[in-house]
Amino acid sequence: MTVTPLQTSRYHRAQPHPQIEAIRAFSDNYIWLIRAPGARAAAVVDPGDAGPVEAVLDRHGLELSAIVLTHHHPDHTGGVVRLKARGALVIGPRDEQIQGVDRRVAGGDAVEIAPLGLELEVIDVPGHTRGHIAYHARRLGEDPRPLLFSGDTLFAGGCGRVFEGTPEQMLSSLQRLAALPEQTLVYCAHEYTLSNLRFAAAVEPQCSEVAQRLQEVIDEREQGLATVPSSMGVELATNPFLRTAQPAVRAAAAARLGREPHSEAECFAALREWKNVFR
Ligand code: ZN
Ligand code: FE
């Protein structure tokens, strides 16, 4: 009797980085806590609320070295002033007005958070807001995987709404992120993955990767688990907003528009508008 080996299923949620923890805030925000093994130093990304961060810092006896901000929205910055009083250096986007920022950075800048052994490279990703930035690290500690803190630009399975920029800007911002290595861990700022994957399945109903990821995300959310981080490879395979050049995605956009999209940006814009009203 021959036994057909089971195809090992590709698991879409990435193994989290051992030095990064989620602090949940509001209904669906993630504030990312970055730690150094055996040290008290820590940093947080996009602390919209001080309380949950203070609770974690105090519970573990951590010292806050740095606060890292992607954009000005209050659900990402509301905790800055109170947390900064603990002595943290506040790093934020050069082109946005955010109270308490010490070091204003833009695309191409590098920021070292020495107590964590963390070097962040800044990537300009305008679209959700005009001055939105993302942070990329080639690695942190023993884990060889690169990291991306994408704020509200790239989500697991989706992307942020285009509030201040244009669809063209948002698309090129996403393309800049999509060029990072496939193993890159994607740490976004919200748990929107289930709604994003339901939408992805409507855009690409024939895509088995999307269908499988949707099922995994349904299971994870039923267990109350975080679906973040994902990896860039998974995003490239399942996130419709990174797949606007794929024939199936173009065809879905064309069906919405009632004609072929004239450009990838128009395809992106059609998807984004569809997602805005998708339930
Ligand atoms: Zn936002
Ligand atoms: Fe947000």
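Remember, predicted model here, so these are calculated numbers, not experimental data. All ligand and atom numbering here is 1-based and tracks the order in the structure.
- The closest approach of Asp152 to the Zn ion (ligand 1), by N/O/S atoms, is made by OD2.
- For Arg82 and Glu54, the salt-bridge test passes: some basic side-chain N is under 4.0 Å from an acidic carboxylate O.
- A salt bridge is defined here as a Lys NZ or Arg NE, NH1 or NH2 lying under 4.0 Å from an Asp or Glu carboxylate O, and Glu273 with Arg256 fails to meet this definition.
- Note on Arg24 versus Asp49: no salt bridge recorded, every NZ/NE/NH1/NH2 to OD/OE distance being 4.0 Å or above.
- With respect to the Zn ion (ligand 1), His71 has NE2 as its nearest N, O or S atom.
- Contact annotation: His73 places an N, O or S atom under 2.8 Å from the Zn ion (ligand 1).
- Among the atoms of His128, an N, O or S atom falls under 2.8 Å of the Zn ion (ligand 1).
- Sorting the N, O or S atoms of Asp75 by how far they are from the Fe ion (ligand 2) puts OD2 first.
- Between Glu182 and Arg145 there is no salt bridge, since none of the side-chain N atoms of the basic residue sits less than 4.0 Å from a carboxylate O of the acidic one.
- Using a 4.0 Å cut-off between charged side-chain N and carboxylate O, Arg161 and Asp152 make no salt bridge.
- At a threshold of 2.8 Å, the Fe ion (ligand 2) has a backbone or side-chain N, O or S atom of His190 nearer than that distance.
- Applying the 6.0 Å contact sphere to CZ of Arg138 captures no more than 12 heavy atoms from other residues, nucleotides or ligands.
- Note: the hydrophobic cluster containing Leu148 also contains Phe241 (ILVMFWY, side chain heavy atoms under 4.5 Å, direct or indirect links).
- Contact annotation: His71 places no N, O or S atom under 2.8 Å from the Fe ion (ligand 2).
- Among the backbone and side-chain atoms of Asp152, an N/O/S atom is found under 2.8 Å from the Fe ion (ligand 2).
- Closest approach between the Fe ion (ligand 2) and any N/O/S atom of His76 involves NE2.
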